[in-house]
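Before anything else, here's the structure in question.
All ligand and atom numbering here is 1-based and tracks the order in the structure. This chain uses plain numbering: 1 for the first residue, then up along the sequence. Just so it is clear, the model here is predicted, and its values are computed rather than measured.
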Amino acid sequence: MKPVLDETHDPNVQSWVESANDAGSDFPIQNLPFGVFRPRAESADARVGVAIGESILDLRGMQSKGLLADNSVPLASACAINSLNPLMALGPGARRALRRRLHTLLRDDAPASGRSSVSRHLIAQADVEMLLPAQIGDYTDFYASIFHATNVGKLFRPDNPLLPNYKYVPIGYHGRASSLVVSGTPVRRPCGQTRDAASNDAPKFGPTRSLDYELEVGFFVGTGNSLGETIPIAEAEEHIFGICLVNDWSARDIQAWEYQPLGPFLAKNFATSISPWVVTMEALAPFRTAAFARAEGDPPPLPYLFDESDQRYGGLELWLEVSILSPQMREAGVAPVVLGSSNFRDMYWTMAQMLAHHASNGCNLRAGDLLASGTVSGAEKTARGCLLELTSRGADPVTLPSGERRKFLEDGDEVILRGCCEREGFRRIGLGNCRGTILPASTS
Ligand code: CA
C-alpha cells in the first residue's frame with residue numbers, strides 16, 4: 001500500500017509537552033507509539049498509554065473524561081483496558097482516527113483550555129513500570145535477512161550456505177509466547193543438552209556456554225483472519241498494527257545439538273525480550289521504501305507473495321543497533337559499546353510477505369500475535385546482528401573497551417537494542433530500547 005502522509009507527519013509541528021521537541025527524543029508528536037504501563041504509585045493498576053517525549057498520556061484517564069472525543073463505544077472500551085489487544089483488533093481506521101485526535105490535542109497550537117485538562121493525564125515515564133504491550137497469543141519468528149542466513153549457513157555448510165528453499169519461502173518457526181518478556185526483565189542463562197561436535201562423547205546437561213542475542217524487529221497483528229481464510233498480500237499491511245524491537249536470546253550450543261530435524265526448540269524459548277512501545281504503521285509512513293532488490297538471477301516471489309505496491313513501498317528505512325555493557329564496563333563508568341548496526345530495509349522479505357505467507361495455508365492470525373523478522377544483518381561485518389555471526393561462532397572474539405574479550409555473552413552482560421527512522425524532510429522517530437541483563441544459571 002502506498003503510505004499516506006497527513007498533518008500528523010508535518011515535521012514543523014511541535015508539542016506543548018516540551019520534552020517531545022528535543023531533537024534526540026524518540027517520541028516526538030510525529031511518533032505517538034502505544035504501550036501498557038503501571039504507575040509506580042502504590043496499588044495503581046495497568047493501563048494503555050501513548051508516549052510523548054519523556055511522558056506518557058494515560059488513555060484510560062483521557063477516555064473516562066471523554067477527552068478522546070469519539071462516540072465510538074469500541075474505541076472507548078479499547079482505551080479503558082490493560083492491554084492493546086482490543087485497540088489492535090479494531091483495525092487501521094480506528095487507530096488512524098485516534099492518532100489524529102491525539103495529535104490535535106498535543107500540538108503546541110492546541111487551545112490552552114484543552115491543554116490543562118489533557119495535562120492532568122500525563123505521567124513521567126520515570127514514574128512508571130512498562131509492561132508487555134499486548135497479551136500475545138502466538139509468536140512466530142522468521143529468518144528474513146539473506147545476509148544473516150548466508151553468514152550462519154557458511155558456519156555450518158561452507159560449500160552450500162543457503163538452502164534451496166530460501167529465495168522462495170519466508171522461512172520461520174513457531175516460537176513460544178509464554179516466555180516473551182518486556183525490556184528490562186533479567187534473563188537467566190539456560191541449561192540444556194550440549195555435545196562437543198569434535199568428540200564422540202555423550203552429550204552433557206548444564207548451563208549454555210554460547211549465549212547469544214539476536215537483533216530483530218517484531219510486528220503485531222491488528223485485525224486477524226478466520227481459520228481457513230487467507231490474507232492476500234495486497235491487504236497484508238492493513239492487518240499490521242505496528243512494530244517493536246525484539247531480542248531473540250539464543251543458546252548456540254544447545255541449538256547446534258537439538259535443531260535437526262525439527263528446528264529451534266529449547267535453545268530459543270527460555271526468553272525473548274521486546275521493547276515496550278509499539279510504533280504504529282502510520283508513524284512509519286514517511287520511512288517506507290522499496291522492497292529489497294533481489295540479485296540478478298534470483299527468482300521473483302511466487303504470485304501470492306508478489307504485489308506491485310509492496311515491491312514499491314514494502315521496505316522500511318529503520319536503523320538498528322545492538323550494544324553491550326559488561327559488569328567491568330559498568331563499574332568503570334564506560335558507556336555501552338556498539339557491536340552491530342544494520343538497517344531493516346536490507347531484509348529479503350517484507351513484513352507483508354511474511355504475514356501473507358503465514359496465513360497462506362489458512363492459519364488464523366489473531367490480534368496481538370507477534371511476528372518477528374529474524375536477525376537483521378547487512379552486507380558489512382559491522383552490520384551483523386548476533387555474536388554467532390560477529391565472532392564466527394567464537395573463533396574471532398570481539399574486544400570490549402575494558403579489554404575483555406567476548407565470544408558469547410557472560411553473566412552480568414547487558415544487551416541493549418535501539419532503533420530509529422530518519423529521513424530528510426521528516427522528524428526523526430525512535431523505537432525506544434530493548435534491554436536485558438544475563439543472570440547466572442540456576443544452580444538448583
Ligand atoms: Ca531469531
Specify whether Tyr348 and Phe292 have parallel, tilted or perpendicular ring planes, treating 30° as the upper limit for parallel and 60° as the lower limit for perpendicular.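 The arrangement is tilted - the two ring planes meet at 30° to 60°.
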With Glu282, which of Arg288, Arg99, Arg95 fulfils salt bridge (Lys or Arg N to Asp or Glu O under 4.0 Å)?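 Only one option passes, and that is Arg95.
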Metal site the Ca ion (ligand 1), protein N/O/S atoms found under 3.0 Å: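 Considering protein N, O and S only, the Ca ion (ligand 1) has 4 within range.
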Looking only at the aromatic ring of each residue, does the gap between the centers of His103 and His9 stay below 6.0 angstrom?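 Ring centres of His103 and His9 not closer than 6.0 Å.
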In terms of the angle between their ring planes, are Phe287 and Phe426 parallel, tilted or perpendicular, with boundaries placed at 30° and 60°?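 Answer is perpendicular, since the angle exceeds 60°.
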Taking distance alone, no hydrogens or angles, what donor-acceptor pairs closer than 3.5 Å link side-chain atoms of residues 332-339 to residues at least two apart or in another chain?
none

Give me the ring orientation class for Tyr304 and His357: parallel if the planes are under 30° apart, tilted from 30 to 60°, perpendicular past 60°.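 Because their plane-to-plane angle lies in the 30° to 60° range, the rings of Tyr304 and His357 count as tilted.
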